[in-house]
Number of protein chains: 2
Amino acid sequence: MPRGRWGRGGGLGGGACPRRIARFLEPCLLLLLRGDATHGYNLLEALRQFGFTPGTVDASVVYRILREMENAGWVSSQWDTAGSGPPRRVYTVTPDGEEYLAAWINDLRCTRDEIDQFIETYTRHEAGRGSG
Amino acid sequence: MPRGRWGRGGGLGGGACPRRIARFLEPCLLLLLRGDATHGYNLLEALRQFGFTPGTVDASVVYRILREMENAGWVSSQWDTAGSGPPRRVYTVTPDGEEYLAAWINDLRCTRDEIDQFIETYTRHEAGRGSG
DNA sequence: GCACCATATGTGCAAGATGTCAATAAGGAC
DNA sequence: GTCCTTATTGACATCTTGCACATATGGTGC
């Protein structure tokens with residue numbers, strides 16, 4: 001069983017749609033944080049709205065990306081020691097992060113257009129075969 | 001200069017659209033080969049029609065994927081020694097390859113829808129900010 | 001206090017994916 | 001023979017990701 005990234009096992013031909021976008025968690029977390037500054041553990045559940053069903057994403061992966069993004073200056077964090085349980089690191093999106101997210105959106109629009117173009121080419125091809 | 005081969009330097013915010021779809025070369029080569037059985041070196045140029053500008057893709061990458069796909073049974077190859085220059089390995093799409101390409105198309109449709117959904121969420125968010 | 005559990009974060013490694021560079025090989029021009 | 005173009009292949013480095021496990025705080029039952 002390949003532990004690899006793009007899950008050859010459950011993906012193509014499987015049924016559920018595999019996540020084919022590289023580093024997609026980044027913009028998802030950014031968008032989530034923009035809506036509501038919160039901590040990693042909480043984001044794990046919130047990711048469901050982007051199709052990341054529970055168990056799909058490992059907590060450590062989320063924490064890792066959060067740290068990386070803080071390192072890059074796209075988010076900043078503060079320890080929240082109020083409330084019970086261990087302290088939580090609460091993240092906020094920085095202005096640089098906003099810009100980065102906007103650039104991501106741009107990229108995604110572009111990627112979507114390319115996909116559309118590819119599918120169209122495929123479809124035209126199919127039609128050509130049908131009549132030939 | 002951030003890590004990553006997804007061109008943080010030249011991609012996001014840069015201008016040209018970076019390729020964010022994992023293993024996108026696979027379906028591109030398959031679609032190209034379906035139209036016209038040919039060899040790797042030739043495919044390098046043909047990839048331009050999918051946005052892979054010359055220099056974007058290294059030849060070895062194309063050859064590698066071709067070999068992998070042959071290994072998987074999606075294409076088959078034959079040496080072509082006619083003509084001048086070194087022999088060329090000409091690839092043809094197999095029935096399994098056709099099926100695989102169809103599955104890819106399905107995946108891509110799904111991926112596109114997810115991108116659309118993400119962008120829409122972002123846009124709604126933006127609108128909400130504008131008025132508040 | 002201690003075992004145990006839920007919450008919350010972090011570390012390290014293995015394996016897959018991709019980029020880059022160099023090696024090889026055949027034929028043509030000079 | 002040397003150099004250039006075409007064409008394919010191999011090796012290595014780096015990046016990305018999944019997974020197992022370690023750590024820490026507070027609550028509950030005893």
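Just so it is clear: chains get the letters A, B, ... in the order the sequence lines come, proteins before strands, and each one is counted from 1.
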D:dT25, D:dT9, C:dA17: which one has an atom nearest the side-chain heavy atoms of B:W79?
-> D:dT9

Length of the CZ-P vector between A:R88 and C:dA6, whole Å = 18 Å

Measure the acute angle between the ring planes of A:F118 and B:F50, then classify it against the limits of 30° and 60° as parallel, tilted or perpendicular.
-> tilted

Basic-acidic side-chain contact under 4.0 Å: B:R124, B:E120 = yes

Gap between atoms CD and C1', on A:E45 and C:dT7 respectively (whole Å) | 12 Å

Can you tell me if the side-chain N/O atoms of B:Y63 get under 4.0 Å from OP1 or OP2 in D:dT9?
-> no

Check the distance between C:dA17's C1' and B:R20's CZ and give it to me in whole angstrom.
-> 16 Å

More than 12 heavy atoms of other residues, nucleotides or ligands under 6.0 Å from CD of A:Q78: is that the case?
-> no

Nearest-nucleotide comparison on DNA chain D, the residue closer to the 5′ end among A:S60 and A:P87 | A:S60

Using atom CD1 of B:I65 as one end and atom C1' of D:dG10 as the other, report the distance to the nearest whole Å.
-> 16 Å

Just how far, in rounded Å, is P of D:dT17 from CG of A:L29?
-> 12 Å

Rounded to the nearest angstrom, tell me the gap between atom CZ in A:R67 and atom P in C:dG12.
-> 12 Å

Residue whose closest nucleotide on DNA chain D lies nearer the 5' end, A:S84 versus A:D58 | A:D58

Check whether NZ of the Lys or CZ of the Arg B:R20 lies under 6.0 Å from the centre of the six-membered ring of A:W104 and within 45 degrees of that ring's axis.
-> yes

Spacing between B:L66 atom CG and C:dA17 atom P, to the nearest angstrom = 17 Å

Roughly how many Å is it from CG in B:L43 to P in D:dA7, rounded to a whole number?
-> 11 Å

When the nearest nucleotide of DNA chain C is assigned to B:L25 and to A:Y91 on a heavy-atom basis, which residue is associated with the more 5' position?
-> A:Y91

Look at the side-chain N and O atoms of B:R89 and state whether any lies under 4.0 Å from the OP1 or OP2 oxygen of D:dA7.
-> no

Pick base, sugar-phosphate or nothing for A:R64, based on heavy-atom distances below 4.0 Å to the nucleic acid.
-> base

Main-chain N/O of A:G73 paired to A:T94 side chain as donor or acceptor, under 3.5 Å = yes

